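Hydrogens, waters and symmetry mates play no part in the numbers below; they use all other heavy atoms, side chains included. Treat the numbers as computed from the prediction; the structure is a model and nothing was measured. We number each residue from 1, following the sequence as shown. Each ligand, and each atom within it, is numbered from 1 in the order the structure gives.
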Amino acid sequence: MTWRADILTLFPEMFPGPLGLSLAGRGLREGLWSLFAHDIREHAKDRHRSVDDTPFGGGAGMVLRPDVVDAAIGVALAEAPARPVIYLTPRGRLLDQALVRELAAGSGAVLLCGRYEGVDQRVIEARGMLEISIGDYVLSGGELAALTLLDACVRLLPGVMGAAESAAEESHGAEGLLEYPHYTRPAEWAGRAVPEVLLSGHHAAIAAWRRAESEKVTKERRPDLWARHETSRGGAGAIAGHPAAA
Ligand code: ADE
């Protein structure tokens, strides 16, 4: 069965967007994964097709109604039930490569994109949603976050990327280190030479240099990743124990 993404959004025209191009787009056309964007508004209950309402307790903005969101989730899950329901929100757990790997290893996801102030808390709880943030900044909706999450997952699916090792060796790969710097021709450009060792043809020396560069840049730029790298010896699954991920 192919990895399936169902997006619940008020702007289905935003999909597949950039995921229809390049490697993800080719994978989509080849059936290596599939994407269905659903308009939440189709599940509105009244003749005005309203999906949101003012917040109880007052305050600015509008909140997506639980009954409308729940109906949309029900339809998406009916197609392929054994998938996590993800709500993209800056309140969520930060997306990282471990979580991406876990999601990519499953059978897909249902992705709820919020707009306005948010989604009624009751449907988040009732559906056991996994709340995910792509970073500590606020987007005007979950759609770009959903595209980001999907891009990160889809490139890990079998057959989507060309060389298997290009996924394993890059930044945030299995080792949790940032990537070493890359160089190509010309060997000298604008008075700047390529590091000698890369022209030496000594594979072991090149591997050692790259490893040292990876460690150096990780220590300098991301002491948090470096600390995790040093202490990491496996660990619990990123979404293990989450009911919807079973
Ligand atoms: N919706 C708005 N901002 C977001 C963020 N940073 N991550 C995920 N979803 C969002």
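For atom 7 (N) of ligand 1, the closest heavy atom belonging to the protein is Ile134 N, 3.0 Å. Closest to atom 10 (C) of ligand 1 among all protein heavy atoms lies Pro90 CD, 3.5 Å. From the protein, the heavy atom lying nearest to atom 3 (N) of ligand 1 is Leu139 N, 3.0 Å. Scanning the protein heavy atoms around atom 6 (N) of ligand 1, the nearest turns out to be Tyr137 O, 2.8 Å.
Contacts between Ala145 and ligand 1, counted as non-hydrogen atom pairs separated by less than 4.0 Å, involve the side chain only. Using a 4.0 Å cut-off between heavy atoms, Ile132 contacts ligand 1 through its backbone alone, with no side-chain atom that close.
Between Gly141 and ligand 1 there is a heavy-atom distance shorter than 4.0 Å.
Side-chain contact, Glu175 with His172: no donor N or O sits under 3.5 Å from an acceptor N or O.
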TODO: Start with the C-alpha gap between Glu131 and Thr89, add the side-chain angles, then the distance that decides, and say whether side chain to side chain donor-acceptor pair (under 3.5 Å) holds.
DONE: CA-CA 6 Å; Glu131 297 179 67; Thr89 166; 4.8 Å; no
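Taking hydrophobic clusters as Ile, Leu, Val, Met, Phe, Trp and Tyr residues chained together by side-chain heavy-atom distances below 4.5 Å, Leu35 shares a cluster with Val100. Cluster membership check: Leu28 does not share its hydrophobic cluster with Leu21, using side-chain heavy-atom separations under 4.5 Å among Ile, Leu, Val, Met, Phe, Trp and Tyr.
Val217 places none of its side-chain heavy atoms less than 4.5 Å from the side chain of Tyr180. Counting only heavy atoms from C-beta outward, the side chains of Arg222 and Leu178 approach each other to under 4.5 Å.
Below 3.5 Å of separation, one finds no N or O of Val138 facing any N or O of ligand 1.
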